[in-house]
Amino acid sequence: MEDGVRSLVLRLLKRLFGEIAEEQLEALALAFFIELCVLYLKDCIDYGTGDCPLISFSSYKVTASKWITIFDSPFYPDSLDEAKMLYEKVLERFIELVDEATSSANLLEIITKEPDPLRIQLLRVFRRYVSPDTTVEMTKKKRDIPNIINDFGDRFRSLEEVRRNLQSRPVPDETLMALLLEQSKRGQKGYDLTEAFFLWFDRVFGKNYIIQGPVRAGKDVMLDKVLDNWEAQTPADIFISRLDGTPLVVGFARYDSDRGGSQEDDRTGGNRDKATDILRYADTYKVALKVFFLNDGPGLLLGSMWNDYARLESYGSGKIMVCTLKMLDERFTQDWLES
């Protein structure tokens with residue numbers, strides 16, 4: 001104990017207990033220090049059922065920024081080279097199709113006949129110039145195009161105005177290309193996050209456990225397909241089981257570059273609902289199933305996100321873990337997997 005702290009503690013004890021022997025003061029000071037340590041550990045450790053002591057997510061908050069994984073983002077204007085390479089020909093083809101079309105609806109029909117992946121990129125430009133109401137997800141299914149035109153065609157910008165706007169823009173249009181590139185990168189860091197986790201898990205646990213889920217893009221694990229008697233069509237990012245198929249962990253991954261406000265509330269509230277359903281299932285069918293939230297990114301440092309996830313973990317009494325990539329070696333252990 002540093003001399004200054006020791007002196008302060010001794011003065012405090014003298015004020016509380018009056019003049020007592022030096023040996024008794026030293027003993028009281030030691031007991032006082034031990035009690036402080038116990039109180040600190042109670043805050044930092046979630047004992048759950050007592051089988052698997054777990055350093056809590058909340059205990060990392062003091063040094064939270066050191067536990068966040070930052071995936072590189074391109075600088076501006078450096079990214080324009082990539083944007084031009086990807087989208088210059090796409091914009092040139094879009095201008096050609098606008099010249100051929102007889103109406104905005106006809107433009108969409110013509111775009112639908114273009115080969116993939118050019119068609120998808122043209123639909124992204126179509127949304128920017130003609131129909132912000134219709135997402136690429138809506139328009140990429142060719143059989144749905146007649147219904148899209150019927151439902152949204154009256155809100156399409158006229159082809160004459162589209163032509164005027166195109167003529168007013170520089171060629172190549174670096175602004176639009178930059179926007180398209182930024183949009184294409186959305187979700188990329190989430191893929192980087194899951195890929196990093198799967199690689200780590202295979203290296204540490206691959207010989208003893210089975211892990212399922214999309215490593216990057218791909219279909220989620222549907223819980224009704226992997227859990228007996230699970231009725232809802234619930235998607236998950238991670239599903240871990242023993243080699244004999246015994247389910248152990250259902251996981252959800254999310255990278256937050258930015259987060260706040262109502263989105264923040266919706267995210268943590270939805271996670272709690274999913275965890276509640278899974279833990280209720282585990283209790284009903286006597287399965288040692290746990291819930292894992294792989295959350296990372298600077299968005300965790302915003303607003304109440306860190307505290308919200310800490311409360312979510314505490315809610316699980318040892319059966320819920322919230323973790324960043326940098327915490328895996330310390331927290332995601334075989335003891336927790338098998339607890």
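Only heavy atoms go into these numbers, but all of them, side chains included; no hydrogens, no water, no symmetry mates.
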Is the closest side-chain heavy-atom distance between [X] and [Y] below 4.5 Å?
X    : Y    : answer
L301 : S65  : yes
K113 : E109 : no
M222 : P235 : yes
L193 : K189 : no
P214 : D220 : yes
K84  : E174 : no
L294 : L325 : yes
E330 : I55  : no

Do NZ/NE/NH1/NH2 and the carboxylate oxygens of [X] and [Y] come within less than 4.0 Å?
X    : Y    : answer
R216 : D192 : yes
D116 : R119 : yes
K274 : D277 : no

For [Y], does its backbone N or O pair with a side-chain atom of [X] as donor and acceptor, under 3.5 Å?
X    : Y    : answer
T276 : R272 : yes
R163 : V98  : yes
S104 : R157 : yes
T333 : D329 : no
T194 : V215 : yes
N165 : E161 : yes
K319 : K290 : no
S184 : L181 : yes
Q121 : V90  : no

Co-membership, hydrophobic cluster, residues [X] and [Y], 4.5 Å side-chain:
X    : Y    : value
I70  : W306 : yes
L91  : V136 : yes
I210 : L289 : no
V204 : I240 : yes
L300 : Y315 : yes

*asked:* Filter on ring pair (Phe, Tyr, Trp, His ring centres under 6.0 Å), then keep only pairs touching residues 89-128, sequence neighbours left out; what's left?
replied: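 For residues 89-128: F94-Y129, F126-F156.
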Taking atom [atom1] of [X] as the centre, does the number of heavy atoms from other residues, nucleotides or ligands within less than 6.0 Å exceed 12?
X    : atom1 : value
R203 : CZ    : yes
K326 : NZ    : yes
K89  : NZ    : no
D154 : CG    : yes

At what distance, to the nearest 0.5 angstrom, does [atom1] of [X] lie from [atom2] of [Y]?
X    : Y    : atom1 : atom2 : value
L180 : T175 : CG    : OG1   : 11.0 Å
E100 : I95  : CD    : CD1   : 12.5 Å
R331 : T324 : CZ    : OG1   : 8.5 Å
S56  : K61  : OG    : NZ    : 12.0 Å
R93  : L118 : CZ    : CG    : 7.5 Å
E114 : T112 : CD    : OG1   : 9.5 Å

Are [X] and [Y] linked by a side-chain donor-acceptor pair shorter than 3.5 Å?
X    : Y    : result
E338 : Y209 : yes
Y309 : N295 : yes
Y255 : T69  : no
D244 : T246 : yes

*Minimum-distance pair of heavy atoms, taken over all atoms of S79 and P74*: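 Scanning both residues, the minimum pair turns out to be CB-CB, 3.9 Å.
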*asked:* Name the residue from L123, I145, N106, I120 that meets the side-chain contact (heavy atoms from CB on, under 4.5 Å) definition with I111.
replied: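 Going through L123, I145, N106, I120 one by one, the side-chain contact (heavy atoms from CB on, under 4.5 Å) with I111 is satisfied by L123 alone.
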*Partner of F292 under ring-ring contact (aromatic ring centres under 6.0 Å, His included), chosen from F252, F239, F197*: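 Result for ring-ring contact (aromatic ring centres under 6.0 Å, His included) with F292: F197.
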*Residue pair D296, D256: steps toward the side-chain contact (heavy atoms from CB on, under 4.5 Å) verdict*: CA-CA 6 Å; D296 218 322; D256 282 311; over 6 Å; no
*Mind running side-chain contact (heavy atoms from CB on, under 4.5 Å) on L86 and M177 for me, showing each step along the way?*
CA-CA 8 Å; L86 291 174; M177 291 190 297; over 6 Å; no
*With side-chain contact (heavy atoms from CB on, under 4.5 Å) as the test, would you mind laying out the steps for D308 and R311 before giving the verdict?*
CA-CA 5 Å; D308 291 341; R311 283 191 289 270; 2.4 Å; yes
_The criterion is ring pair (Phe, Tyr, Trp, His ring centres under 6.0 Å); which residues satisfy it with Y60, sequence neighbours excluded?_
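Here the qualifying residues are W67.
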*Would you please test R127 and T135 for side-chain contact (heavy atoms from CB on, under 4.5 Å) and show each step?*
CA-CA 7 Å; R127 185 186 183 196; T135 66; 3.9 Å; yes
